[in-house]
Amino acid sequence: MIKFEHVGLRYGIGPEVLSDISFTLAPGSFHFLCGPSGAGKTSLMSLLYLGRRPTRGMVEAFGHNTNLLDRVALSEERRKIGVVFQDFRLLPHMSAFDNVALPLRINDVPEKKIKDHVEELLDWVGLGDSMHRLPPTLSGGQQQRIAVARAVITNPRLLLADEPTGNLDDEIGMKLMGLFEQLNKMGTTIVIATHSLQILERLPHPRLILES
Amino acid sequence: MSFKVFAISSRGGAGYDVPLHLKLGTEFLVILTGLMTFLSLLAAIANLSLGHMTHAWTSGLENTLTIEIPAPNVSEESVSKLLDGLRKISGVEEAKLLSQKDMQDLLSPWLGDAGSIWDDLPVPKLVTVSFSERTPQLIKDISATTRKIIPDARVDAHEDWLADLMKLAHGLKLTALAVFILIMMVTAVVIAGAVRSRMAIHHRELELLHIMGASDRYITGQFVRYILMQSLKGSSLGAVAGLAVAGFFLFLARRNPGTVPELTLQGAEWLVFAAVPCLLIVIGLVSARITSLRVLGEMP
């Protein structure tokens, strides 16, 4: 599903922040991405969600060499990926409902379907009665759940989460991991960047380890 | 092919994914497009009015010429012979000697109305010749006939000063056109700058949409819609202001003829008040679209 071959990444004319990265993610797999701070986890995540192109090597996503895809085709590939950011990156001027609906609108889904899907998902993550509230009026945990709902609303083939439990207490963090486990059982490939030893010890999934 | 520019959405933030509804320094676009619409309307009206004015001037003078006959040397009989000769030329519609009264009317502003002066002054005789169409051959024939009958007479075909007047009028028309084009270009450049500025301010939101798989067209549609709304407001204000000023000038010109240049728009030319704002809006939209696509093209 995802294949990295001798991938390198540098910003501008700076030094390489990622060097010679090679791995393969099978469909339906669950991986943790680990490594010390500054090892390049966020950079690797940006390559995984196709937010950047590698400066060398090859990234294959869903059977396509992304180096060879044009901008339109690349944006279509991105729609198959859901991302949960460490800082959530919710749009503060839009309600919880509209934030979650955004990927569907980008996919040109009819408004009637959007309404049904979003309401159902917000109920599932326990925010059915807060769907018209703006993100700044919600707690960190609630914002986290909206971010997760937004990432999974399109039923992505690949779900990426960057330190998803970083801002949450242990109990909510483990609940969130349970949610990811459920999604994985439903067939979604999952990569979670974390350095939480508690999570790594409790969940026996393979690890992609970046060395500095 | 779908355009979401006019889609009405129940979303927050006036329907924008990128918070373009927030007042972050680009609200001046309403004033700018209003001002540009107003100025371009004035330039367009000036251009059209000058066209009518030059037409009016030339149609009055283009098909006439004057023959000056020095008074002391010429008999009435020679003048009659000249008039007959001129009338026989093909293309000449009328040849007429100005009467003593006509001459007095012409010269009295300079010489006064004292009756005796006219008997003492050697005032030349003037013959006006009108024709259907000015051609070099016709002017040549008239000059030849005049020289043959009254060798001292001088044919004034108004060519020199008419040419100067036309040059001036065409120069003014070109200036008005240049101002019009300049206004359009400035509008395009300023709107491009405003779009770039808003895209820089909302870089994080754009990056998020980009990561979610939003196409360049999807994102650009939002900026185009924003510019459309700003331009619509501004252009409407500019058009209303332009109409008000045009109406005021029309009122002044009719009430006090000669004090202000007369607005001479005719028939369909009044559509300029709709066409110019529309053109300005279209230029703004094209500029916004090109700028947005360029900026997004810098993203991976």
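Letters A, B, ... mirror the listed sequences (proteins, then strands); counts begin at 1.
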Next on the checklist: Please determine whether side-chain contact (heavy atoms from CB on, under 4.5 Å) holds for the pair A/S75 and B/M212, giving the CA-CA distance in whole Å, both sets of side-chain angles, and the decisive distance to 0.1 Å.
Outcome noted: CA-CA 8 Å; A/S75 69; B/M212 284 180 176; over 6 Å; no
Next on the checklist: Between A/D87 and B/R204, does the side-chain contact (heavy atoms from CB on, under 4.5 Å) criterion hold? Intermediate values first, please.
Outcome noted: CA-CA 12 Å; A/D87 57 355; B/R204 269 178 71 80; 3.0 Å; yes
Checklist entry - Please walk me through it: do A/R89 and B/E205 pass salt bridge (Lys or Arg N to Asp or Glu O under 4.0 Å)? => result CA-CA 8 Å; A/R89 294 183 76 167; B/E205 288 89 348; over 6 Å; no
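Residue B/L296 touches chain A through both its backbone and its side chain, counting heavy-atom pairs closer than 4.5 Å. Only the side chain of A/F85 comes within less than 4.5 Å of a heavy atom of chain B; its backbone N, CA, C and O stay farther away. For A/L50, no part lies under 4.5 angstrom from a heavy atom of chain B.
Environment of CZ in B/F248: sparse, with no more than 12 heavy atoms of neighbouring residues, nucleotides or ligands closer than 6.0 Å. The 12-atom threshold is exceeded at NE2 of A/H205, counting heavy atoms of other residues, nucleotides or ligands nearer than 6.0 Å. The 12-atom threshold is exceeded at CZ of A/F23, counting heavy atoms of other residues, nucleotides or ligands nearer than 6.0 Å. Within 6.0 Å of CD in A/E120 there are 12 or fewer heavy atoms belonging to other residues, nucleotides or ligands. Atom CE of B/M229 sits in a sparse spot, with 12 or fewer heavy atoms from other residues, nucleotides or ligands closer than 6.0 Å.
With values rounded to the nearest 0.5 angstrom, A/R78 atom CZ is found 10.5 Å from B/S215 atom OG. Taking OH of B/Y16 as the reference point, atom NE2 of A/H93 lies at 10.5 Å (rounded to 0.5 Å).
Between B/L208 and A/R150, some side-chain heavy-atom pair lies under the 4.5 Å cut-off. In this structure, A/L102 and B/L209 have side chains that are in contact, with non-hydrogen atoms separated by less than 4.5 Å.
Within residues 59-74 of chain A, the residues having any heavy atom closer than 4.5 Å to a heavy atom of chain B are A/R71, listed by residue number.
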